[in-house]
Amino acid sequence: MSETIKIGVLISGGGTNLQALIDACEDADFPAEIALVLSNKASAKGLERAKKAGISHFVVDHKKYPQRRDFDAELHKWLKEARVDLVCLAGFMRILSPSFIREWRGRILNIHPSLLPKFGGEGMYGHHVHEAVIRAHEIETGATVHIVTEDCDLGPTVLQRAIPVYRFDTAETLAGRVLDVEHQIYPQAVAHMAEIILDERRRPRHDMDMNADHHPVKPDQEAILRAQQSWNSFVSMGKISIIAIAAVLVFLLVAVY
Ligand code: GRF
């Protein structure tokens, strides 16, 4: 079994993307394991999937937290307790607070059913996305896995895959084909992020310190040695020349007088 990172999956509904991640984690070579599933809705079907797979799962009901930051603080507590390395939003229908995003900077992934930055942002979710794609007569659409930043749906793309939009497509047919693509690319994107996190973990501490800001550049010991040697020979050559000149002067003086 390979080394793994721990992921926490946040859901609100059906959890078919969660299922794709559960299935991927069954492969012994997949570099991640699901430590925890959190849902803001007790009715989310994804909770059944977690239960069936024997994964810890809890409901954090957003309605019990009038302040968004208190709801996010509760999520944060659960994720930290489960020692999660990477948070995966999989159909999670809550906007996360800037402080939560800062706390997990670069460590939150989301999957979106369009070729971002097209058809993203507020109000662009579920069937709204596919309806907008058809209205705009797009010839292709697809899915995007991206890192979550404070700008809704505008974080850096980790993986994106396009599919054609056919003339006979409806929002429903499109949604189905895009969802198939989501199930392929989410595990791939998670594996990619996991390799990056594992690589950072394996790197020796002093290497990271040497690369840190404000740290002096590692001196090249050989170059210093070479410089010292040439200075020493320059000095010795100088001494020999002075002695030779002095000897010539003495010889001339003796010859003249
Ligand atoms: C997916 O289309 C995903 O792109 C979006 O929400 C939907 C969730 O589906 N963020 P599921 O709950 O994973 O089945």
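The first residue in the sequence is number 1, and the count goes up from there. Whatever order the structure lists ligands and atoms in, that order sets their numbers, starting from 1.
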- The protein heavy atom nearest to atom 9 (O) of ligand 1 is Asn17 ND2, 3.9 Å

- Item | Polar atom proximity, Ile111 to ligand 1 (N or O, under 3.5 Å) | yes

- Task: Tell me, with the steps shown, if Tyr65 and His62 meet ring pair (Phe, Tyr, Trp, His ring centres under 6.0 Å).
- Result: CA-CA 5 Å; Tyr65 302 85; His62 64 277; 9.2 Å; no

- In terms of residue, atom name and distance, what is the protein heavy atom nearest to atom 2 (O) of ligand 1? Glu182 OE2, 3.0 Å

- Message: Would the distance check show the side chain of Asp27 and the main-chain N or O of Ala24 forming a donor-acceptor pair, the cut-off being under 3.5 Å?
- Response: no

- Query: Quick one: do Lys64 and Glu74 make a salt bridge, cutoff under 4.0 Å?
  - Reply: no

- Message: Checking side-chain polar atoms at under 3.5 Å, does Ser12 have a donor or acceptor matched by the opposite partner on Asn40?
- Response: yes

- Message: Give me the residue, atom name and distance of the protein heavy atom closest to atom 6 (O) of ligand 1.
- Response: Gly91 CA, 3.5 Å

- Where is the nearest protein heavy atom to atom 14 (O) of ligand 1: which residue, which atom, and how far? Thr16 OG1, 2.5 Å

- The one among Gly13, Ser12, Gly15, Ser114 that brings a heavy atom closest to atom 12 (O) of ligand 1: Gly15

- Establish, from distance only, whether the side-chain atoms of His57 and Ser39 form a donor-acceptor pair under 3.5 Å. no

